[in-house]
K.L.:
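Sharing a structure, written as structure tokens. Questions coming.
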Amino acid sequence: MHKTIPNTFIFLDRYNNKIFENNNTNIGIVYRNYKAVSRIREAIEIAKACKKNNYKFFVSNDVKLALKLNANGIYIPSFNKKKNFNNLPKKNILILGSAHNQKEIQQKIDQKCEVIFVSPLFYNKKSKKYLGINRFNYLTQKRKIKFIALGGINEKNIKKL
């Protein structure tokens, strides 16, 4: 397993076989269902589909499950502010994180995230606050870490990126 970063990320709360009909293999699947009764069974099903389709598989906020399923990495949501992921038993695990402001970006850097999703970039119904391109650039410049814009991106504003 190498620490290559996929071009496209799909966030799943449950298994959906339509996701795996795509011919693109440079996709990362982030499984982030925290409350499902069948979480482990669902994660196993998604991990098998990812392996079959040569997708990268990431488990959200559960190192033990990620290691058990031999995931490519772990995703640390913005609400996880405590855990430190310096001492992972496997060094080839890619650590992803999400942040919404400068303080959270610093927390994700301290948690040793190698990729940080910063959101929301544009207006969306879930959040009335959004960064915009200028603020996104301000927050992410001069940092030696990969940032991915997330949230509110659609056909009308994608050209601004």
Side-chain angles (χ1 to χ4, degrees), residues 1-16 18-35 43 46-47 49-50 53-63 65-66 71-86 88 91-161:
M1 259 190 280
H2 298 286
K3 285 189 172 186
T4 55
I5 300 167
N7 287 338
T8 305
F9 285 90
I10 299 170
F11 290 81
L12 291 179
D13 290 333
R14 62 182 174 274
Y15 179 80
N16 181 346
K18 295 207 184 290
I19 299 294
F20 300 100
E21 293 174 0
N22 193 329
N23 290 331
N24 182 358
T25 58
N26 199 356
I27 293 177
I29 302 292
V30 179
Y31 178 63
R32 61 174 185 176
N33 191 336
Y34 308 112
K35 297 178 182 175
I46 293 169
C50 285
N53 291 285
N54 202 24
Y55 291 0
K56 302 278 189 232
F57 178 59
F58 301 89
V59 175
S60 180
N61 216 30
D62 191 340
V63 175
L65 183 59
N72 299 93
I74 184 163
Y75 168 78
I76 307 168
S78 61
F79 63 79
N80 183 337
K81 300 178 185 332
K82 296 180 182 177
K83 292 183 181 177
N84 193 338
F85 297 90
N86 287 341
L88 286 174
K91 298 295 180 191
N92 57 348
I93 289 181
L94 183 63
I95 303 173
L96 311 174
S98 66
H100 302 94
N101 55 47
Q102 191 166 0
K103 182 179 177 184
E104 289 179 358
I105 289 173
Q106 189 56 51
Q107 286 171 339
K108 296 306 158 196
I109 291 170
D110 294 343
Q111 289 174 328
K112 304 299 182 204
C113 291
E114 298 162 81
V115 177
I116 300 175
F117 295 95
V118 180
S119 71
L121 183 61
F122 297 114
Y123 171 82
N124 64 47
K125 292 177 184 176
K126 283 175 66 176
S127 175
K128 303 297 181 210
K129 296 180 182 178
Y130 60 95
L131 297 171
I133 292 178
N134 291 335
R135 185 148 169 84
F136 175 82
N137 287 338
Y138 173 75
L139 289 172
T140 59
Q141 281 180 349
K142 298 180 183 175
R143 305 218 188 217
K144 295 180 182 181
I145 192 166
K146 181 162 176 113
F147 289 94
I148 298 175
L150 184 68
I153 301 168
N154 59 37
E155 291 175 1
K156 292 178 183 176
N157 59 26
I158 197 163
K159 292 177 183 175
K160 294 179 182 180
L161 297 176

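What you see is a predicted model; the values in this text were computed from it and never measured.
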K.L.:
Looking only at non-hydrogen atoms, find the nearest pair between Leu96 and Val30 and report the distance.
P.N.:
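Looking at all heavy atoms of both residues, the shortest contact is CD1-CG2, 4.2 Å.
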
K.L.:
If I take atom CD1 from residue Ile19 and atom CG from residue Asn53, how far apart are they, to the nearest 0.5 angstrom?
P.N.:
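So the gap between those two atoms works out to 11.0 Å.
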
K.L.:
If you define the side chain from C-beta out and look only at heavy atoms, does anything of Arg143 sit under 4.5 Å from Ile105?
P.N.:
yes

K.L.:
So, taking the atom named CD1 in Ile10 and the one named CD1 in Ile27, what distance separates them when rounded to the nearest 0.5 Å?
P.N.:
4.5 Å

K.L.:
Just verifying a value: how many Å separate Gln107 CD and Ile116 CD1, rounded to the nearest 0.5 Å?
P.N.:
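Reported value, rounded in 0.5 Å steps: 10.5 Å.
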
K.L.:
How long is the straight-line distance from CG of Asn26 back to OG1 of Thr8, given to the nearest 0.5 Å?
P.N.:
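Answer for the OG1-CG pair, Thr8 versus Asn26, is 6.5 Å.
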
K.L.:
Say whether, by atom type as modelled, one donor and one acceptor occur between the side chain of Gln111 and the main chain of Asn80 under 3.5 angstrom.
P.N.:
yes

K.L.:
Between Lys108 and Ile76, is any pair of side-chain heavy atoms under 4.5 Å apart?
P.N.:
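In contact.
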
K.L.:
Verify, without hydrogens or angle tests, whether Asp110 (side chain) and Lys112 (backbone) share a donor-acceptor contact under 3.5 angstrom.
P.N.:
no

K.L.:
Taking the side chain as every heavy atom from C-beta outward, state whether Phe58 and Pro6 have any pair of such atoms under 4.5 Å apart.
P.N.:
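The answer is yes; the side chains approach within 4.5 Å.
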
K.L.:
Sort out for me which residue in Asn16, Ile46, Val59 forms a side-chain contact (heavy atoms from CB on, under 4.5 Å) with Ile29.
P.N.:
Ile46

K.L.:
Hey, what do you get for CG (Leu94) to CD (Glu114), rounding to the nearest 0.5 Å?
P.N.:
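Between Leu94 CG and Glu114 CD, I get 5.0 Å after rounding to 0.5 Å.
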
K.L.:
Can Gln106 and Lys103 be counted as having a side-chain donor-acceptor contact under 3.5 angstrom?
P.N.:
no

K.L.:
Partners of Lys144 by side chain to side chain contact (heavy atoms under 4.5 Å, CB included), sequence neighbours excluded?
P.N.:
none

K.L.:
Is atom NZ of Lys81 surrounded by more than 12 heavy atoms (other residues, nucleotides or ligands) closer than 6.0 Å?
P.N.:
yes

K.L.:
Could you state the interatomic distance from CG (Asn72) to OG1 (Thr4), rounded to the nearest 0.5 Å?
P.N.:
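Spacing of CG (Asn72) from OG1 (Thr4) equals 7.5 Å.
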
K.L.:
Can you say whether the rings of Tyr55 and Phe20 are parallel (under 30°), tilted (30 to 60°) or perpendicular (over 60°)?
P.N.:
parallel

K.L.:
Locate the shortest heavy-atom distance separating Ser78 from Ser98; write the atom from each residue and the value.
P.N.:
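Looking at all heavy atoms of both residues, the shortest contact is N-OG, 3.0 Å.
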
K.L.:
List the residues meeting side chain to side chain contact (heavy atoms under 4.5 Å, CB included) with Arg32, not counting sequence neighbours, and say none if there are none.
P.N.:
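So Arg32 forms a side chain to side chain contact (heavy atoms under 4.5 Å, CB included) with Phe11, Asp13, Tyr34, Ser60, Tyr75.
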
